[in-house]
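Here the structure is a predicted model, which means the values were calculated and not measured. Throughout, protein chains are lettered first and strands after them, A, B, ... in sequence-line order, and every chain is numbered starting at 1. Values below: every heavy atom of this structure, side chains too, minus hydrogens, waters and symmetry copies.
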Amino acid sequence: MSDRQLLVTAALPYANGHIHLGHLVEYIQTDIWVRFQKLRGRKCVFVCADDTHGTAIMIRARHEGRPESELIADMQAAHERDFRGFDIEFDHYGSTNSEENYELCKDIWSSLRQANLIAEKDVEQLFDPVAGTFLADRFVKGTCPHCKTPDQYGDNCSKCGETYAPTDLIDPVSTLSGATPVTKSANHLFVQLEKQHEFLEQWTQSGEHLQTEVANYLKGHFLGNPLRDWDVSRPDPYFGFAIPDSPNNYWYVWFDAPIGYIASTWQWCKKNNESLADWWKNDQTEIHHFIGKDITYFHTLFWPGVLKAAGYSLPKFVHIHGFLTVDGEKMSKSKGTQVQASTYLKHLDPAFLRYFYASKLGPKLDDIDLNITEFINKVNSDLVGKVVNLASRSARFVETTGLAVEYPHDGGLFSTAAIAGERIAQAYDELDYARAMRIIMELADQANAYVENTAPWTLKKDPTQHVRLQEVCTVVLNLFRQLCIYLTPVLPRLANQCGQLLNANISSWSDSQTPLVGTTVSKFEHLLQRIAPEKVHAMIEESKESTQEPAATTPTVEASATPVDSGDALLQEPLAPTCTIEDFTKVDLRVARIIKAEEVPEAKKLVKLTVSLGGDNTRTVFAGIKAAYSIEQLQGRLVVIVANLLPRQMKFGLSEGMVTAAGPGGTEVFLLGIDSGAVPGQRVH
RNA sequence: GGGACCGUAGCUCAAUGGUUAGAGCAGGGGACUCAUAAUCCCUUGGUUGCAGGUUCGAAUCCUGCCGGUCCUACCA
């Protein structure tokens, strides 16, 4: 232990969206670990920041007609408020849009230059003359140069699978303005990661810094081939930092985002009179990153490569966790299971979620499931029924007398639990919170059994037994306090309440090793309320509506009775270029009835539909709606199809049309219906 | 189709290659009445996805199937 100190980071939330229950898995996991380390007396600093740069922010700010700085300031305030609400306690929370970050980017950049890791290449890119911006691949659509399929994104063709540059597209169109983009050459800068290949191979495969699944993944996916050069620049205009030695170029958001870890540390250092080198260029400092599995590549290859080249410390460990599902499914806005942090807090105590996540989290990167019924049962049963119940059934008996002056015989319960503390600590340290919670609940069971056997309520009735009553309650409250100490990283508020109840604050893990005696006992008040299922359901209901709430930019606005739709959907998929009525009439939309819906077992997304346009007029259509609709739901219903679409040969057969639907895909697909009265074959005008 | 991970009681999960595979919750039976209908005792529940193999010994290691999740190829 000695001099070693810990620097801990959680991934930087992007300034384009609010914190939801999925994000909180990571912040709660990290916060618990940090609180545990601090409680154990280790020097540990927890930093984070908002990730603020990039095209998405620039476009959004434009849409909202205000400067980026305003947008990201609002969002950061909302993020910090959400974190505070969940008792996530950073030592410093910064922003990637800071002076310190810019300084560090420059410093690291010049190191990369000196190490000869930067390559320059001219890249032909499409430029939108109306929006005045270069277009990322997904902002360009056009006809595939190989198979001539129209309406393809700029990186590859969804029909023939060919990959190409957006400049190869025939008749490209900007999805931002609808303008025809022009080709413009720009100088791009690349980090030649391949030059670090040998080092990264050794670092990732050493078994010391990554979970084994992650190391295997990298080996199989990336390290078997030469590592691709990383394009880390974006031409003007771009919301970010200008690259000093490359006019009109900005660092790509993924370049400056991880450097934000260092910048935030630096800001913390300035506040606390510490030296940055002591934290980022010091073997005695262990750096621990906590991230989700979606950003593995950046943190396990690109980031170590950059740090190594620039002479900063490498992470001691990159801890990667899985995603959150709700009731076994991906979070869904329409089902109300993508619950925003602020919505949760309106209905429920943050302790519930902290405990539930703790009881599910292990050191692996498995996804964890928030099953609503289990959530309610587990929290009520474990926290209220077992832990808090101990205080509830003993504290009132000693409100007047306080705790006994000497710790009485308890059959070895306290010392057993004290010894178990080491196993619990080890579980916390290894991020196996589920194991820690299991051990703690076993101890709670034993303590409840003790109450049962000693029956303080019987002792109370007999005046000659009042000394014994005080002894028994002293034991029970000490066992309760021990549990609170062990739960402090997860439930800091409960630890405080326990301190107030027994008039002795919990300040260190070692408090669990010595019984508390002779203190007064405060008047007992309920420490936690049970979860009422209605509240959980109300939260889900509100989350269903909240897709229509004003988004990100106006976080302080409360949900109102009249729906206010956010601009998110439009932002995800900007308007297509203007078309004429003639253009529109080229598309023949028809009402059709699904007369047969069939599974395509081998297909992951597709369902085979036989639709009728009335009379004998039927056709086969494949639709990518497998995840969103069951066969039964589809059978017989009316849909709107594109009836004059060029038939397309797909893997499982010929598709003679297209079913219209909205939504991003997956389970979030919503078929177009039609009001009753319409009949198959009618055209949509 | 390719790759990564996983499959243990109704549910969520334990179990360094080593007794008869265990907990919690749910279910069933009883007890208690201090406690937020909480708690305590007893109890039902398993071909460890399937089939082989290695081994004195396999939930664990190997091979092949089956099934699931994720990344990636088909949401005309």
Side-chain angles (χ1 to χ4, degrees), chain A residues 149-152 156 158-161 211-221 224 293-294 296-297 322-323 325 328 330 356 359-360 362 364-369 371 373-378 380-386 388-397 432 434-435 437-439 441-442 444-445 447-461 469 472-473 476 524 526-532 600 602-607 621-628 641-642 644-652 654-661 663-666 669:
Chain A
T149 308
D151 206 28
Q152 296 304 307
N156 65 66
S158 65
K159 182 175 176 188
C160 65
Q211 287 128 301
T212 48
E213 304 97 298
V214 178
N216 290 343
Y217 165 76
L218 296 175
K219 193 172 186 170
H221 262 76
K293 61 185 181 184
D294 50 330
T296 299
Y297 177 88
F323 296 143
T325 56
K330 225 181 235 182
F356 186 77
S359 77
K360 303 294 273 186
K364 300 229 179 132
L365 38 67
D366 301 335
D367 291 351
I368 68 168
D369 185 48
N371 178 284
T373 312
E374 191 193 354
F375 171 65
I376 296 168
N377 284 343
K378 196 172 195 80
N380 285 345
S381 159
D382 288 359
L383 291 186
V384 182
K386 290 180 179 178
V388 161
N389 193 32
L390 289 169
S392 190
R393 58 197 312 205
S394 60
R396 279 187 257 256
F397 294 132
D432 199 344
R435 182 153 55 97
M437 296 307 108
R438 237 178 289 127
I439 300 171
M441 288 311 138
E442 271 173 39
D445 285 341
N448 272 300
Y450 175 84
V451 178
E452 207 69 23
N453 295 332
T454 50
W457 55 93
T458 314
L459 300 174
K460 193 192 173 200
K461 290 171 189 157
L469 176 65
V472 164
C473 292
V476 176
F524 181 78
H526 281 175
L527 303 170
L528 273 177
Q529 298 300 321
R530 305 173 67 75
I531 303 183
V600 184
E602 316 89 90
K604 286 189 178 170
K605 295 177 183 168
L606 296 177
V607 172
V621 176
F622 287 90
I625 55 176
K626 188 170 188 169
I641 67 164
V642 183
N644 62 339
L645 195 63
L646 183 70
R648 176 164 178 201
Q649 185 60 47
M650 299 185 67
K651 190 171 173 182
F652 311 110
L654 190 68
S655 187
E656 306 164 305
M658 174 171 149
V659 174
T660 55
V669 176

Distance between P atoms of B/rC41 and B/rU48 (Å, rounded): 30 Å
Distance, rounded to the nearest Å, where A/Asp367 contributes CG and B/rC5 contributes C1': 10 Å
Rounded interatomic separation in angstrom, taking NZ from A/Lys461 and P from B/rU33: 6 Å
Whole-Å P distance, B/rC61 and B/rC5: 12 Å
Closest to the A/Val451 side chain, choosing from B/rC25, B/rC34, B/rC6: B/rC34
Separation between the C1' atoms of B/rU33 and B/rG68, rounded to whole Å: 47 Å
Close side-chain approach of A/Ile641 to A/Thr660, heavy-atom, < 4.5 Å: no
Sugar-phosphate, base or nothing in reach of A/Lys386, heavy atoms under 4.0 Å: sugar-phosphate
Touch class at under 4.0 angstrom, heavy-atom based, for A/Arg438 against every strand present: sugar-phosphate
Pair A/Asp367-A/Thr325, side chain to side chain donor-acceptor pair (under 3.5 Å): steps then yes or no: CA-CA 7 Å; A/Asp367 291 351; A/Thr325 56; over 6 Å; no
Gap between atom CE of A/Met658 and atom CZ of A/Phe622 - 0.5 Å precision: 15.5 Å
Nucleotide B/rG22, atom C1' - distance to CD1 of A/Ile439 in whole Å: 15 Å
Sugar-phosphate, base or nothing in reach of A/Ala455, heavy atoms under 4.0 Å: nothing
Touch class at under 4.0 angstrom, heavy-atom based, for A/Val642 against every strand present: nothing
Sugar-phosphate, base or nothing in reach of A/Leu527, heavy atoms under 4.0 Å: base
Row check, A/Phe323 ring normal vs A/Lys293 NZ/CZ: under 6.0 Å, within 45°: yes
Closest approach of A/Val476 to A/Ser394 (non-hydrogen atoms, all atoms of both residues): CG1-OG, 3.5 Å
A/Asp366 vs A/Lys293, nearer the 5' end of RNA chain B by closest nucleotide: A/Asp366
C1' spacing across the pair B/rC34 / B/rC40, given as an integer number of angstrom: 13 Å
Flag side-chain contact, heavy atom, 4.5 Å: A/Leu390 against A/Tyr450: no
Sugar-phosphate, base or nothing in reach of A/Asp294, heavy atoms under 4.0 Å: nothing
Any A/Arg393 side-chain nitrogen or oxygen under 4.0 Å from OP1 or OP2 of B/rC32: no
d(CG, A/Asp382; P, B/rU12) in whole Å: 16 Å
5' priority, RNA chain B, between A/Ser381 and A/Ala434 [closest heavy atom]: A/Ala434
Touch class at under 4.0 angstrom, heavy-atom based, for A/Leu528 against every strand present: base
B/rG49 and B/rU8, which share atom name C1', separated by this distance in whole Å: 10 Å
Intra- and interstrand pairs of RNA chain B - dot-bracket, Watson-Crick/G-U under 3.5 Å, | marks other strand: (((((((..((((....[...)))).(((((.......))))).....(((((..]....))))))))))))....
Spacing of A/Arg396 atom CZ relative to B/rA38 atom P, expressed in whole Å: 16 Å
Spacing between A/Leu218 atom CG and B/rA4 atom P, to the nearest angstrom: 12 Å
Sidechain-backbone polar pair: A/Asn448 side chain, A/Lys386 backbone, donor-acceptor under 3.5 Å: yes
Side chain of A/Asn389 - closest among B/rA38, B/rU36, B/rC6: B/rA38
Candidates B/rC41, B/rU12, B/rA35 - which lies nearest the side chain of A/Ala449: B/rC41
Nearest listed nucleotide, side chain of A/His526, among B/rA76, B/rC34, B/rU36: B/rU36
Nearest-angstrom distance from the residue atom CZ of A/Phe524 to P of B/rU36: 7 Å
Spacing between A/Met441 atom CE and B/rU12 atom C1', to the nearest angstrom: 15 Å
Sugar-phosphate, base or nothing in reach of A/Lys378, heavy atoms under 4.0 Å: nothing
Backbone of A/Ser392 reached by a side-chain donor or acceptor of A/Asn389 within 3.5 Å: no
Proximity to the side chain of A/Asn377 - top-ranked nucleotide from B/rC6, B/rC25, B/rA38: B/rC25
Whole-Å P distance, B/rA59 and B/rA51: 13 Å
Sugar-phosphate only, base, or nothing, as touched by A/Asn448 at under 4.0 Å among non-hydrogen atoms: sugar-phosphate
Spacing of A/Leu383 atom CG and A/Met441 atom CE [to the nearest 0.5 Å]: 5.5 Å
Distance between C1' atoms of B/rG18 and B/rU55 (Å, rounded): 12 Å
Sidechain N-carboxylate O distance under 4.0 Å for A/Lys360, A/Asp369: no
C1' spacing across the pair B/rG53 / B/rA58, given as an integer number of angstrom: 11 Å
